[in-house]
Amino acid sequence: MHIVYYSFTGKVAAFAKKTGMRSIEITPTLKMESDYILITSTVGFGEIPDPVKNFLLHNHGNMVGVSASGNRNWDKFSKGMFGRAGDLIAQKYGVPLLSKFELSGTTTDVKNFLDEVDKLELKPCRA
């Protein structure tokens with residue numbers, strides 16, 4: 001299983017690295033032909049970053065889960081928007097929201113994420 005990530009400030013990239021999983025940064029030409037987990041930052045007031053929106057237009061079919069980062073300092077101004085990009089993606093594409101974490105995540109955040117990934121891999125392969 002791969003992680004595909006978008007990191008606005010480098011914090012999501014740091015989180016992806018801490019998982020020990022193979023990770024690929026979103027680029028304008030990236031095409032995913034195998035199952036992957038998306039990890040993204042949340043921008044603005046709980047929005048999906050444009051590069052992620054563009055990537056998902058052509059690559060959502062193999063996404064099996066999503067996690068999102070946020071910054072709780074911004075949540076003071078926009079109640080309930082912490083990591084909201086993950087909520088929006090999960091709802092739109094019908095995949096589970098695996099986790100939300102702040103900035104580059106803690107050791108506990110990484111463990112919780114990996115526990116959720118393990119649960120995904122117990123499911124039978126899709127036809």
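The figures here come from the full heavy-atom set of this structure, side chains too, leaving out hydrogens, waters and symmetry mates.
- Both Leu56 and Leu97 belong to a single network of hydrophobic side chains, linked directly or stepwise wherever heavy atoms of I, L, V, M, F, W or Y lie under 4.5 Å apart.
- Contact between Ser41 and Ala85 at its shortest, heavy atoms only, is O-CB, 3.7 Å.
- Of the charged side-chain nitrogens involved, none lies within less than 4.0 Å of a carboxylate oxygen, so that Lys119 and Asp115 do not count as a salt-bridged pair.
- Both Val95 and Met32 are members of a single hydrophobic cluster when ILVMFWY side chains are connected at heavy-atom separations under 4.5 Å.
- In this structure, CG in Leu88 is found 5.0 Å from CD1 in Ile48, a value given to the nearest 0.5 Å.
- By the 4.5 Å heavy-atom criterion applied to side chains, Pro51 and Pro28 are not counted as neighbours.
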Yes or no on side-chain contact (heavy atoms from CB on, under 4.5 Å) for Glu25 and Tyr6, after CA distance, side-chain angles and deciding distance? CA-CA 6 Å; Glu25 186 170 11; Tyr6 173 74; 5.8 Å; no
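- The backbone N or O of Lys11 sits nowhere less than 3.5 Å from a side-chain atom of Ser104 that would complete a donor-acceptor pair.
- Taking the charged nitrogens against the carboxylate oxygens, Asp87 and Arg84 have no contact shorter than 4.0 Å, which rules out a salt bridge.
- Nearest heavy atoms, Ala68 versus Gly86: CB-N, 3.4 Å.
- Rounding to the nearest 0.5 angstrom, the gap separating the NE2 atom in His58 from the OG1 atom in Thr29 is 12.0 Å.
- The shortest non-hydrogen separation linking Gly70 to Phe82 is C-CE1, 3.4 Å.
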Check the pair Asn59, Lys31 against side-chain contact (heavy atoms from CB on, under 4.5 Å), reporting the backbone distance first and the verdict last. CA-CA 6 Å; Asn59 292 283; Lys31 302 288 183 227; 4.1 Å; yes
Apply side-chain contact (heavy atoms from CB on, under 4.5 Å) to residues Val66 and Ile39 and explain how you reach the verdict. CA-CA 6 Å; Val66 61; Ile39 305 178; over 6 Å; no
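- Between Ser67 atom OG and Leu98 atom CG the span is 4.5 Å, to the nearest 0.5 Å.
- One distance of note links CG of Asp35 with NE2 of His2; it measures 10.5 Å at 0.5 Å rounding.
- Taking 4.5 Å as the limit, some side-chain heavy atom of Val4 sits within range of a side-chain heavy atom of Ile26.
- Looking at Thr42, its side chain does come within 3.5 Å of a backbone N or O of Ser69 through a donor-acceptor pair.
- Aromatic rings of Phe15 and Phe113 (six-membered ring for Trp) have centroids within the 6.0 Å cut-off, being under it.
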Chi angles and distances behind the side-chain contact (heavy atoms from CB on, under 4.5 Å) call for Leu38, Val52: CA-CA 9 Å; Leu38 175 66; Val52 174; 3.9 Å; yes
Please determine whether salt bridge (Lys or Arg N to Asp or Glu O under 4.0 Å) holds for the pair Lys100 and Asp109, giving the CA-CA distance in whole Å, both sets of side-chain angles, and the decisive distance to 0.1 Å. CA-CA 8 Å; Lys100 292 182 183 182; Asp109 293 328; over 6 Å; no
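- Ring centroids of Phe55 and Tyr36 are separated by less than 6.0 Å, placing the two rings close together.
- Summarising the local packing, CD of Glu47 is surrounded by more than 12 heavy atoms from other residues, nucleotides or ligands at distances under 6.0 Å.
- The two residues Met1 and Met21 have their closest heavy-atom pair at O-CE, 3.7 Å.
- With hydrogens and angles disregarded, no donor-acceptor distance shorter than 3.5 Å links the side chain of Asn71 to the backbone of Leu103.
- Shown here for Glu33 and Asn62, the closest heavy-atom pair between the two residues is C-ND2, 3.4 Å.
- No side-chain heavy atom of Thr40 sits less than 4.5 Å from a side-chain heavy atom of Val12.
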